[in-house]
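Have a look at the structure below, then the notes.
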Amino acid sequence: MSKAGRLVVLVSGSGTNLQALLDATADPSYGAAVVAVGADREGIEGLARAERAGVPTFVERLKDHPTRAGWDAALAARIAEHKPDLVVCAGFMKILGAPTLEAFPVVNTHPALLPSFPGAHGVRDALAHGVKVTGCTVMLADAGVDTGPIIAQEAVRVFDGDDEASLHERIKTVERGLLVDTVGRMVREGWTVTGRTVRIGK
Ligand code: GAR
């Protein structure tokens with residue numbers, strides 16, 4: 001196996017997707033290591049998970065910067081310190097700016113079948129629309145809100161009586177597996193992007 005791919009994972013919350021990546025990277029055959037975890041806020045379980053795993057963390061808060069551009073530049077600099085091969089947004093609830101997007105490939109995960117229900121409330125919006133099937137999407141991040149080229153998707157049924165919490169939990173169970181599988185294949189096999197079509201493998 002060649003050198004493990006270096007992942008910097010960005011989180012804003014509970015970090016169960018991060019945990020799935022940390023667990024997967026314990027096996028050397030996975031081909032990747034989480035070299036740092038970054039956040040846009042203090043005191044979240046995602047950071048605690050990284051600390052328990054002995055992974056370096058950093059926090060860059062928007063409110064500590066006079067401008068959004070200043071935060072964008074500072075975040076990109078913090079990420080760059082860890083020389084990632086791939087940045088993974090795992091429940092990172094901010095849009096990344098050009099300094100990060102132009103420097104590194106970035107994967108994002110979203111709890112709906114894009115292009116339906118982008119944004120911060122994908123699960124709530126899908127339920128409110130009355131869909132019978134929703135799911136999760138792993139995509140390359142771009143400057144838009146969940147608009148980047150789709151890498152992988154998986155469907156999840158909506159049950160009668162689901163509320164946002166129950167549906168999101170069921171989606172996240174599928175999402176963690178999809179994210180781990182997709183990131184691992186990308187790191188091990190590489191990928192190409194033609195227009196909006198992403199293909200993993202040479
Ligand atoms: C995940 O479901 C992720 O898709 C979602 O936040 C959750 C984070 O869970 N992200 C978005 O909605 C981004 N638009 P986690 O902190 O337990 O990994």
Side-chain angles (χ1 to χ4, degrees), residues 7-26 32 34 36-53 55 57-62 75 86-97 100-101 105-129 131 133-159 162-184 186 198:
L7 307 179
V8 169
V9 181
L10 302 179
V11 295
S12 299
S14 65
T16 66
N17 281 282
L18 163 67
Q19 187 68 54
L21 287 165
L22 288 168
D23 294 347
T25 55
V34 179
V37 171
D40 61 336
R41 61 199 76 185
E42 310 266 7
I44 53 172
E45 182 59 17
L47 288 171
R49 288 176 191 278
E51 281 154 18
R52 286 198 292 274
V55 173
T57 62
F58 59 88
V59 175
E60 212 49 69
R61 300 188 309 177
L62 185 53
L75 181 67
L86 189 62
V87 175
V88 181
C89 292
F92 188 64
M93 303 306 276
K94 294 238 174 4
I95 303 300
L96 293 171
T100 296
L101 293 172
V106 181
V107 165
N108 191 10
T109 181
H110 182 70
L113 290 176
L114 294 170
S116 293
F117 313 116
H121 305 291
V123 180
R124 187 187 307 172
D125 294 345
L127 260 184
H129 199 84
V131 299
V133 175
T134 182
C136 48
T137 302
V138 176
M139 69 280 192
L140 289 170
D142 67 8
V145 179
D146 299 324
T147 51
I150 291 168
I151 310 167
Q153 293 184 301
E154 212 162 311
V156 173
R157 276 186 58 200
V158 179
F159 295 153
D162 259 336
D163 60 15
E164 185 179 358
S166 67
L167 180 57
H168 200 173
E169 267 319 303
R170 217 161 54 255
I171 291 171
K172 281 172 65 168
T173 302
V174 174
E175 183 180 19
R176 290 190 280 267
L178 188 70
L179 183 66
V180 165
D181 175 70
T182 305
V183 166
M186 289 174 79
V198 182

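Every number for a ligand or one of its atoms is a count from 1 in the order of the listing. Remember, it's a predicted structure, so these values are computed and weren't measured experimentally. All heavy atoms count here, side chains included; hydrogens, waters and symmetry mates do not.
- Close approach of ligand 1 to Gly119 is summarised as follows: ligand atoms under 4.0 Å from at least one heavy atom of the residue are 14 (N).
- Here the shortest heavy-atom distance to atom 17 (O) of ligand 1, taken over Cys89, Gly91, Ser14, Gly122, belongs to Ser14.
- Taking the side chain as every heavy atom from C-beta outward, Thr147 and Pro118 never approach each other to under 4.5 Å.
- Side chain of Ser12 to backbone of Met93: a donor-acceptor contact under 3.5 angstrom is found.
- Shortest contact from atom 3 (C) of ligand 1 to any protein heavy atom: Glu175 OE2, 3.2 Å.
- Between the Thr137 side chain and the Leu114 main chain, a donor and an acceptor come within less than 3.5 Å of each other.
- For Gly46, the heavy-atom gap to ligand 1 stays at 4.0 angstrom or more.
- Without hydrogens or angle criteria, Thr100 side chain to Gly97 main chain gives no donor-acceptor distance under 3.5 Å.
- The single protein non-hydrogen atom nearest to atom 13 (C) of ligand 1 is Met93 SD, 3.7 Å, given as residue, atom name and distance.
- Closest of all the heavy-atom pairs between Ile151 and Met139 is CD1-C, 3.6 Å.
- Looking from atom 16 (O) of ligand 1 to the surrounding protein, the closest heavy atom is Gly15 N, 2.7 Å.
- Shown in contact with Asp146 at under 4.0 Å from a heavy atom are these atoms of ligand 1, numbered in order with element: 14 (N).
- Less than 4.0 angstrom separates some heavy atom of His168 from each of these atoms of ligand 1: 1 (C), 2 (O), 7 (C).
- Under the 3.5 Å distance criterion, the side-chain polar atoms of Thr25 are matched with a main-chain donor or acceptor of Leu22.
- Phe117 and Asp125 make their closest contact through CE2-O, 3.6 Å (heavy atoms, listed as atom of the first residue, atom of the second, distance).
- Test Thr182, Leu179, Leu7 against Val107 for side-chain contact (heavy atoms from CB on, under 4.5 Å) and you get one pass: Leu179.
- Short contacts between ligand 1 and Asn17, defined as distances under 4.0 Å to a heavy atom of the residue, involve ligand atoms 1 (C), 9 (O), 15 (P), 18 (O).
- When only non-hydrogen protein atoms are considered, atom 5 (C) of ligand 1 lies nearest to Pro111 CD, 3.8 Å.
- When Lys94, Glu45, Lys172 are ranked by how near their heavy atoms come to atom 9 (O) of ligand 1, first place goes to Lys172.
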